[in-house]
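In what follows, chains carry the letters A, B, and so on, assigned in the order in which the sequence lines appear, proteins first and then strands, with residues in each chain numbered from 1.
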Amino acid sequence: MEEAPKSLNFIEHIVEEDLKTGFPKEKLRFRFPPEPNGYLHIGHASSICLNFGLGLNYDSPVNLRFDDTNPAKEEQEYVDAIKEDVRWLGYQWDKECYASDYFQQLYDWAIMLINKGLAYVDSQSSEEMAKQKGTPTEPGTNSPFRNRSITENLELFDKMKQGDFEEGSHVLRAKIDMKSSNMLMRDPIIYRILHRAHHRTNTAWCIYPMYDWAHGESDYIEQVSHSFCTLEFAMHRELYDWFLDQVYDDGKVRPKQREFARRNFSHTVVSKRKLLQLVESGIVTGWDDPRMPTISGLRRRGYTAESIRNFVDTIGIAKRDNVVDVSLLEFHVREHLNKVSPRVMAVLNPVKVVITNYPEGQVEWLDAENNPEDEAAGNREVPFSRELFIEKEDFREEANKKFFRLKLGGEVRLKNGYIIKAESCTKDTDGNIMEIQCTYDPKSKSGSGTEESLRRVKGTLHWVSIEHAVPAEVRIYDRLFLDETPDAYKDRDFMEFINSNSLKTVTGYVEPSLKSSKVGDKFQFQRLGYFNIDLDSTPENMVFNKTVGLRDTWAKMQKKN
RNA sequence: UGGCCCAUGGUGUAAUUGGCAACACUCCGGUUUUUGGUACCGUCAUUCAAGGUUCGAGUCCUUGUGGGCCAACCA
């Protein structure tokens, strides 16, 4: 058996190339560097799987590093949530790191920059500096403070650190080139004053390093060999390298930044800012609302880590703009859940069926297969009685041959039970069907082996015994946005495209075997879809989330007509 | 007036680095089925444009076109 050589994405090619040109494999080291200012979303999954996948592939350490240089936005809650999500996705980091662990080293290096004449304290307002910065098409001009003496810079920077100055009054800038075609090289700010308590260092510092200064140096301190980030940081690479030049020692690993395209997904947004807006505006109940494209939202919705990993693997890594269709994600959950989730019966939109020739008061416990895809899943028993619920959509008084379900005078198989025939129905004054009267064939019991039981009828319905069914709250979700790319319009706000009907709550009736299940348990409600038990669920009031529906060719046929 | 990046079916990615353009999803059609599910089979459909190099270009070069990013004391 030869294995087909797995094709590599361009990032993997880069690593392979480095190995081929002499980079020692044992020095390979990667990192996943989230800022703890929000929850991880499905887009982050790509980065997580890329970095940790590389680690697994090459047997290299991968650090989890929190990029916590802005105490105004970052919180411990996010740190905890991020760690949980990465673990849940199935990955183990080598070291848990924080950029804030390096504040002292970063500060010492900043002093060195000043001493080398490569950094200065600027005492202008941000507006003044913005003016001097120029535009992408026009060069900037030098700050009047650009040529302060080293001693003065040292003195001022020390006072910044001591907390002698107000926020915004001074910054430390790198002295590079105000005329560079790269705006980031026009004397970027490396430290700003922030009188804020930090989630880890508390009030020890009142100056905080900017991203560009902190990130590359953190990579260097951790001896990360490959630092992968999204495309919008491509212009930062020049600065990343410039900063590295100032501190780099021969013999150490020099980190290499490379960029890949972030993933966009249809009918949703993946930007922590926008997700935060959904949370704060109350459109969703929280970061883990099952409609959110966050890892925690997907987990609560019933997605499995395996399905997310498979999905990420399928969409790959590249550099071009993209919008990944959610149907691909849905395909992967169905694929996994189909293999692992037990089948049960639940009726979500009930109508009563009375089997008129079934003895009153009789109950039979019928044998039911838990999962046709997995023999080891075993069997269970479901109660059958004279009065049942079936789905309203499964009955019509009259219908053509294409309708395989129950109609007056027609027969249908009740899953795991008997063949029944609809004889009549009763309606209320508005014409709504209140009850369907059926007869059953006592010899047609599933699995009994009788001639009658082997009869083939076109339709098979799921059902529950009214007397035994457990009422449950069922939350049915639709996409959060009506537009495919809600945040792709320059002249319209993404909030305009909110789907106001993204959550529908119904009372469903589930078979009694579900009473013993726990939060997070996943099931296939036969003929309906995959559902799991929400964390709001209690033994008295069970709550289910619809993860995703089954593929529904019947619904497609309906749509076409 | 600038700089950087990108362009392969409807969608997302491949193509042994210059050698027969393929995989998955979607769509459509069919077979099987006590889930209109699953499984299986099949159909449609692809290299942005024009030049150039070459025996040979999706891949290299030039120009053009289209798109993205760059002017937070955010990351």
Are A:F404 and the base of B:rG36 stacked, counting only ring centres nearer than 5.5 Å and planes tilted under 30°? yes
Does the structure show a Watson-Crick or G-U wobble partner for B:rC73, both distances under 3.5 Å? Name it, or say none. none
Checking base pairs now: Watson-Crick or wobble, both atom distances under 3.5 Å. What partners B:rA22? B:rU13
Syn or anti conformation of B:rU38, syn meaning chi within 90° of 0: anti
Between B:rG36 and B:rG58, how far apart are the C1' atoms? Round to whole Å, please. 42 Å
Near-strand residues of residues 63-77 of chain A, defined as heavy-atom separation under 4.0 angstrom from RNA chain B: A:D67, A:T69, A:N70, A:K73
Which one of A:K421, A:R455, A:R405 satisfies the salt bridge (Lys or Arg N to Asp or Glu O under 4.0 Å) criterion with A:E411? A:R455
For B:rA24, does the O4'-C1'-N9-C4 (purine) or O4'-C1'-N1-C2 (pyrimidine) torsion place it in syn, i.e. within 90° of 0, or in anti? anti
Among residues 411-420 of chain A, which ones have heavy-atom contacts with RNA chain B below 4.0 Å? A:R413, A:K415, A:N416
Please determine if a side-chain N or O atom of A:H332 lies less than 4.0 Å away from the OP1 or OP2 oxygen of B:rU26. no
Does the ring centre of A:W554 sit less than 6.0 Å away from the ring centre of A:F404? no
Which residue, A:V171 or A:S181, contacts RNA chain B at a nucleotide closer to its 5' end, judged by nearest heavy atom? A:S181
Is A:L550 touching bases, backbone alone, or none of the nucleic acid, heavy atoms closer than 4.0 Å? base
Between B:rA72 and B:rC5, how far is it from one C1' atom to the other, in whole Å? 22 Å
Could you measure between the two P atoms, the one in B:rA49 and the one in B:rU11, and give it in whole Å? 15 Å
With no hydrogens and no angle check, do the side chains of A:H195 and A:E166 hold a donor and an acceptor under 3.5 Å apart? no
For residues A:Y208 and A:Y107, establish whether the separation of their ring centroids is below 6.0 Å. no
Taking atom P of B:rA75 as reference, at what distance in whole Å does atom CG of A:N37 sit? 9 Å
Phosphate OP1/OP2 of B:rU13: any A:R263 side-chain N/O under 4.0 Å: yes
